[in-house]
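Below: one structure, written as structure tokens.
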2 protein chains.
Amino acid sequence: MNPEVPNDIIERLQKEHIKITRQRRIIIGIVYEHQDHIDAEELYKILKKNKAGVSRATIYRTLDLLVSKRFVNKMDFGEGRSVYEFKLGQPHHDHMKCLRCGKVIEFNDHIIELRQNTICQNYRFLPSSHIMQIYGICYECRQKDKAKRENN
Amino acid sequence: MNPEVPNDIIERLQKEHIKITRQRRIIIGIVYEHQDHIDAEELYKILKKNKAGVSRATIYRTLDLLVSKRFVNKMDFGEGRSVYEFKLGQPHHDHMKCLRCGKVIEFNDHIIELRQNTICQNYRFLPSSHIMQIYGICYECRQKDKAKRENN
DNA sequence: GTCAGTGCAAACTTTTTGCACAGTA
DNA sequence: TACTGTGCAAAAAGTTTGCACTGAC
């Protein structure tokens with residue numbers, strides 16, 4: 001098991017005095033390569049299937065570490081468990097989640113970001129991060145609904 | 001234990017064919033009266049202290065019911081448990097959470113709401129609800145930090 | 001009277017932790 | 001070599017569930 005991890009990411013981790021163990025390299029690699037959001041259990045299953053020899057405890061500890069160093073985002077879509085996404089070097093984005101098919105759409109909007117800063121200034125609140133999630137029904141699911149209605 | 005529940009709320013619940021049991025009346029009353037966000041365990045402790053005779057299971061089941069009927073909002077501030085707030089009749093708002101003192105500030109911004117709708121239109125996404133949380137340091141905590149720095 | 005709601009305790013899911021051992025810098 | 005990181009298993013924390021009993025309509 002040897003997922004790709006760009007050298008500059010390893011170097012940035014080392015700059016933060018994070019020891020690069022075999023386990024951490026693998027976990028970072030999976031989260032980095034993984035396109036969608038990933039949760040701890042899914043990560044564990046991938047590692048287990050590949051006989052990577054990484055325990056759950058290490059997964060949780062490593063993810064916490066990466067989140068605290070802001071290499072990774074931790075999010076919650078109200079499903080009783082946290083999901084993670086690689087953040088470093090990625091442009092900031094927010095999420096829309098389809099309540100029908102579960103798909104997560106990423107979007108980035110300059111106006112929202114600017115407005116958030118203005119609001120924070122009004123409250124004299126110093127922002128460090130934010131979460132924005134819109135729940136609803138995606139276009140594809142609405143098309144499917146429409147087709148179904150027309151067939152009846 | 002007899003927390004206040006306005007009659008029109010009871011009536012709206014009945015319109016939704018929700019049976020008004022003793023336990024539900026109490027839970028709704030507490031969530032309605034409670035100023036801050038409340039979690040299931042806190043609710044349970046209040047009920048226990050007042051010898052209300054309501055089990056944890058009923059609390060979870062009632063909260064789920066109220067959320068599904070959109071009387072109550074369920075939120076997650078990344079603390080491993082859900083918090084709830086009475087929603088019906090309250091103006092929509094988003095949250096800022098202070099990472100130092102834990103305080104939650106509510107705000108409502110028309111421009112953000114409008115912009116969210118525009119974004120959804122661009123993605124042909126039909127929104128039903130959204131969550132926006134800004135994390136950072138509140139004014140009071142920054143003042144305290146400042147005072148501390150000046151004393152050293 | 002009927003059927004949905006409730007209490008209890010057990011189960012389940014996710015995450016955290018203590019401790020002995022392992023491995024990076 | 002000196003610590004920090006890891007694995008394991010147990011525990012903690014939050015939430016859900018099966019089943020017999022209760023009570024609202």
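Not measured: the values here are computed from a predicted model. Below, read A as the first sequence line, B as the second, and so on, with proteins coming before strands; counting in each chain starts at 1.
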Less than 4.0 angstrom between a side-chain N/O of A:T21 and OP1 or OP2 of D:dT6, yes or no? yes

Compare side-chain N and O positions of B:T58 against OP1 and OP2 of C:dG7 and report whether any pair is under 4.0 Å apart.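 For B:T58, the contact criterion (side-chain N or O under 4.0 Å from OP1 or OP2 of C:dG7) is met.
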
Measuring centre to centre across the rings, with the benzene-like ring taken for any Trp, is B:H37 within less than 6.0 Å of B:F77?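 Yes, the ring of B:H37 comes within the 6.0 Å limit of the ring of B:F77, centre to centre.
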
Measure the shortest side-chain to side-chain distance between B:K103 and B:E140 over non-hydrogen atoms and say whether it is less than 4.5 angstrom.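 Of all side-chain heavy-atom pairs linking B:E140 with B:K103, at least one is under 4.5 Å.
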
Selected nucleotide, minimal atom distance to [X] side chain, candidates [options]:
X     : options               : value
B:A57 : C:dA25, D:dT17, D:dC8 : D:dT17
A:R61 : D:dT17, D:dC8, C:dG5  : D:dC8
B:V54 : D:dT16, C:dG7, D:dC8  : C:dG7
B:K19 : D:dG7, C:dC3, C:dT24  : C:dC3

Euclidean distance, B:L63 CG relative to B:L43 CG, rounded to 0.5 Å: 6.0 Å

Between [atom2] of [N] and [atom1] of [X], the distance in whole Å:
X     : N      : atom1 : atom2 : result
A:Q23 : C:dG23 : CD    : P     : 8 Å
B:Q14 : D:dC25 : CD    : P     : 6 Å
B:L13 : C:dG5  : CG    : P     : 12 Å

With 3.5 Å as the limit, what N/O pairs link the protein to nucleotides 10-14 of chain D?
{"residue": "D:dG14", "atom": "OP1", "partner": "B:R81", "partner atom": "NE", "Å": "3.1"}

